[in-house]
Amino acid sequence: MGLVVQKFGGTSVADAERITAAARRAIRAKLAGHQVVVVVSAMGHTTDELVNLAYQITENPPKREMDMLLSTGEQISIALVAMAIHKIGHDAISMTGGQVGLYTDSAHTKARIKQINAERIFKHLKAGRIVIVAGFQGVTEEGDITTLGRGGSDTTAVALAAALQAERCEIYTDVNGIYTADPRIVPKARKLDRISYDEILELASLGAGVMHSRSIEFGKKYRVPIHVRSSLTDEPGTMICEETTDMEDIAVRGATVNKNLARLTLMGVPDRRGVAARIFQAVAEGNVVVDDIIQNPLPDNRANISFTVALSDFNEAKAIADNLNQEIGGLGVVYDDQVAKVSVVGVGMRSHTGVAAKMFQALAEAKVNIQNISTSEIKISCIVARDEADDALRRIHSAFALDAEDEA
Ligand code: ASP
Ligand code: MG
C-alpha cells in the first residue's frame, strides 16, 4: 500500500479530544499498511486570534513578523498530534515547514512554494514513523519563516502529496464534502461523489469557499486525487479528481453565489482606441481586482463601460472611477454596491446545448432581472440584485435538478 497524506483543519484539531481522534485516524491508516504523513492547521481560531493580537499592537504589522507570529499556531498543533500518537503507543515525529525542507519565495504572508526536499520525510517514514508536518508555513532560502496565505494548509498538504508521490491526499474538515451549492442557502443541496479539478477551481474563483485554490492547482498539475471528507465520520466525502468522459454526461455540477460585489459604470466615455486600456490601467494601479467588464456602445461615438469589483475594493474603485471620468471626459459615474453573481459550473457544458437558456428561464420564472451575463467554457454567471441572489440560486439549483440523486 502506498503513501497517504492526511490533512486536518483547525476544527479537526480544536481541542485535546479532537487531536486524539486525528491521531487515531492516522494510526488506523498506518495499521492498514500505509505510510502516513499528517499535515495540520492551527487549533480552532488560533490564527484569527494571533492576527487580532498583532493588530492590537499595530495597524501595520511588518509582514516578516506576521509570518513569525502566525506560524506558531501550526507548531502547537503538530507537537500535540505527535504527543497523542506517542501516547497511543505509536511512533511519530513533528516537523516545521523549514525542517521538512519546504522552500518558498520571500513574499511574506502569501509566499509561493518553490521546492520541497522530501528526503527527511522519507527517512522517518522508512523508520516506521508517522510524520506530522506544520501546514501553512515554509522557509526562504535565507531561512526566514514564511506563510502561504490564509487557508494555506490545504496547499501544504497537496504539495507534499505531489512531492512524495502519494496515492492520495485526504482533507479532513468540518463538512462532509463538496456540495452542489452552499447548503446554508440551498437546503436541498446534495453532496457530490466526484468533481473535477477544473470545476472546483471555477467554483472557488466564483466565491465558493471550499478549499485554498492553490491547493487545487497543485492537485491538477501533479494529478493528486484529493478526498475532502468529515473528520467526524467514516463516510466517504467528495473526490476531486481528473475529468473522466462520463463527467460530461451532466451539464451542471454545481451552483454558487458571490454576494460581495459592487458595480461601477463610467457613462458616455469617448469610444476610441486606448480608452479601455487607460481605464483598466488606472484600476490595476490602484490594486483593484476587476471581475466582469461590460461595454455598451452608445450613439455619438460614446460607450458605457461597467465593471464589477469585490465589495472590499469598492471605495478605492469609486475614487479611481471619479478621477477617470474627469480625465477622459466621460458623462459621469454610477455605482451599485448591491449586486451579486450567481453561477453554474460543469465540464458537461462543453458538450450540452441550452444550458444558458435554462438558467435564464429559471431566473425569469423567479422574476429576477439579469444585469449582466458572462461565460467561460465551463461556467455561466449572471449579475443580479443582491437581495434576490439566494432565491435565484435556489431556483437555478432546482432547474438543473442538482438535488436529484443520479450523478455521472
Ligand atoms: N491556520 C491557517 C489559517 O487559519 C492556515 C490554515 O488553516 O489552512 O489560515
Ligand atoms: Mg482551512
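Order of appearance sets the numbers: ligands from 1, and atoms from 1 within every ligand. Predicted model, so just to flag it, every value in this text is computed and none were measured.
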Atoms in ligand 1 flagged as close to F136, the criterion being non-hydrogen separation under 4.0 Å = 2 (C), 5 (C)

With distance as the sole criterion, is a donor-acceptor pair present between the side chains of T146 and D67 under 3.5 Å?
-> no

Ligand 1 to T47, heavy atom cutoff 4.0 Å, flagged ligand atoms 1 (N), 2 (C), 3 (C), 4 (O)

With a cut-off of 4.0 Å, which atoms of ligand 1 are near a heavy atom of S41?
-> 6 (C), 7 (O), 8 (O)

Determine whether the side chains of R18 and S231 contain a donor N or O and an acceptor N or O closer than 3.5 Å.
-> yes

Charged N-O contact under 4.0 Å between R28 and D234 | yes

Could an N or O of ligand 1 be found under 3.5 Å from any N or O of R150, whether backbone or side chain?
-> yes

Is the closest basic N to carboxylate O distance between R223 and E242 below 4.0 Å?
-> yes

Charged tip of K318 within 45° of Y335 ring normal and under 6.0 Å | yes

For atom 2 (C) of ligand 1, which candidate among H212, Q137, M211, E74 holds the nearest heavy atom?
-> E74

Are G73 and ligand 1 in contact, using a heavy-atom cut-off of under 4.0 Å?
-> no

Exercise: do D246 and T244 side chains pair donor with acceptor under 3.5 Å | yes

N/O of G151 under 3.5 Å from N/O of ligand 1, yes or no?
-> yes

Test item, G152 contacting ligand 1 (heavy atom, 4.0 angstrom) | yes

Which atoms of ligand 1 have any heavy atom of S153 under 4.0 Å away?
-> 5 (C), 6 (C), 7 (O), 8 (O)

Quick check: does any side chain N or O of H227 sit under 3.5 Å from a backbone N or O of I240, one acting as donor and the other as acceptor?
-> no

